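This report concerns only the one structure given below.
Everything numeric in this text was worked out from a predicted model, so none of it was measured.
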Amino acid sequence: TKQLLLFVNQKASNDFLLELSAKTLRSRIANAKAGGHNGGPVIYGMDRGLFDPTGKLVRRLQPGEYIRQAGHKVHLLPSTDQSKIEAVRYAFTRFDRADISFHALARELEAKGYPSPRGKGWTHHNVSNLLRTRAYVGTARWGATASGKYHTAVGDEIVAANGKRVKRRKAEQDVIAVENAHKGIIPVAL
């Protein structure tokens with residue numbers, strides 16, 4: 001009897017986790033399709049803002065601050081730190097107009113005194129990542145990596161995972177991207 005009860009309790013717990021995983025992922029997909037920010041590190045030169053259901057900015061969120069209000073969404077917006085915005089614009093403009101490597105551009109950004117993304121100085125990795133980030137033109141992207149233990153998203157479909165949390169990059173067609181989801185820092189043509 002004890003073993004039967006233990007099995008029933010474990011099965012109920014597992015079913016609850018499976019259902020919770022699917023519900024959570026479903027809401028994250030819906031938020032991503034609406035252009036919302038689903039967490040993770042904030043992109044250099046961008047801040048997170050809390051917007052009401054009409055799309056009006058309620059307030060900017062501090063780094064690490066988590067807030068949940070019914071009907072409200074978190075979207076990215078240009079940072080209040082103008083030096084970061086200038087660094088992004090300089091990097092894109094300079095890379096577009098000159099025959100320059102990531103290493104050389106990192107040295108220029110460092111020499112000009114622009115704050116680096118992690119505060120440890122500019123590297124070719126910083127520059128490479130910065131120049132590949134579509135959020136700077138107002139595009140919200142979500143789902144570039146899969147790491148769910150019970151479920152994962154393939155585009156806007158929920159599929160069962162293999163029971164192991166393995167972080168992997170997904171194909172570009174499986175990423176949810178919403179153009180003009182927020183105000184960008186640089187023009188799309190650049």
How far does [atom1] of [X] sit from [atom2] of [Y], to the nearest 0.5 angstrom?
{"X": "H182", "Y": "I43", "atom1": "NE2", "atom2": "CD1", "answer": "6.5 Å"}
{"X": "N129", "Y": "H124", "atom1": "CG", "atom2": "NE2", "answer": "9.5 Å"}
{"X": "R60", "Y": "L77", "atom1": "CZ", "atom2": "CG", "answer": "4.0 Å"}
{"X": "M46", "Y": "H75", "atom1": "CE", "atom2": "NE2", "answer": "12.0 Å"}
{"X": "Y44", "Y": "Y136", "atom1": "OH", "atom2": "OH", "answer": "7.5 Å"}
{"X": "I158", "Y": "L25", "atom1": "CD1", "atom2": "CG", "answer": "4.5 Å"}

Under a plain distance cut-off of 3.5 Å, with no hydrogens placed, do D52 and T54 share a side-chain donor-acceptor pair?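 Result is yes, a qualifying pair exists.
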No-hydrogen, no-angle side-chain donor-acceptor test under 3.5 Å, N126 and T123: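 Looking only at side-chain atoms, T123 and N126 do form a donor-acceptor pair, the distance falling under 3.5 Å.
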Can [Y] be reached from [X] by stepping across I, L, V, M, F, W or Y side chains whose heavy atoms are under 4.5 Å apart?
{"X": "V74", "Y": "V42", "result": "no"}
{"X": "F102", "Y": "L190", "result": "yes"}
{"X": "V88", "Y": "Y114", "result": "yes"}

With a 4.5 Å limit on heavy-atom distance, are the side chains of [X] and [Y] in contact?
{"X": "I100", "Y": "E108", "value": "yes"}
{"X": "D47", "Y": "L61", "value": "no"}
{"X": "V137", "Y": "F92", "value": "no"}
{"X": "L131", "Y": "L105", "value": "yes"}

Got a donor-acceptor contact below 3.5 angstrom from the [X] side chain to the [Y] backbone?
{"X": "W142", "Y": "R28", "answer": "no"}
{"X": "T93", "Y": "Y90", "answer": "no"}
{"X": "R141", "Y": "V178", "answer": "no"}

Around atom [atom1] of [X], are there more than 12 heavy atoms of other residues, nucleotides or ligands at under 6.0 Å?
{"X": "Q173", "atom1": "CD", "value": "yes"}
{"X": "R59", "atom1": "CZ", "value": "yes"}
{"X": "R118", "atom1": "CZ", "value": "no"}
{"X": "H125", "atom1": "NE2", "value": "no"}
{"X": "E65", "atom1": "CD", "value": "yes"}

Taking every non-hydrogen atom, the tightest pair across I85 and G45: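 For I85 and G45, the tightest heavy-atom pair comes out as CG1-O, 4.1 Å.
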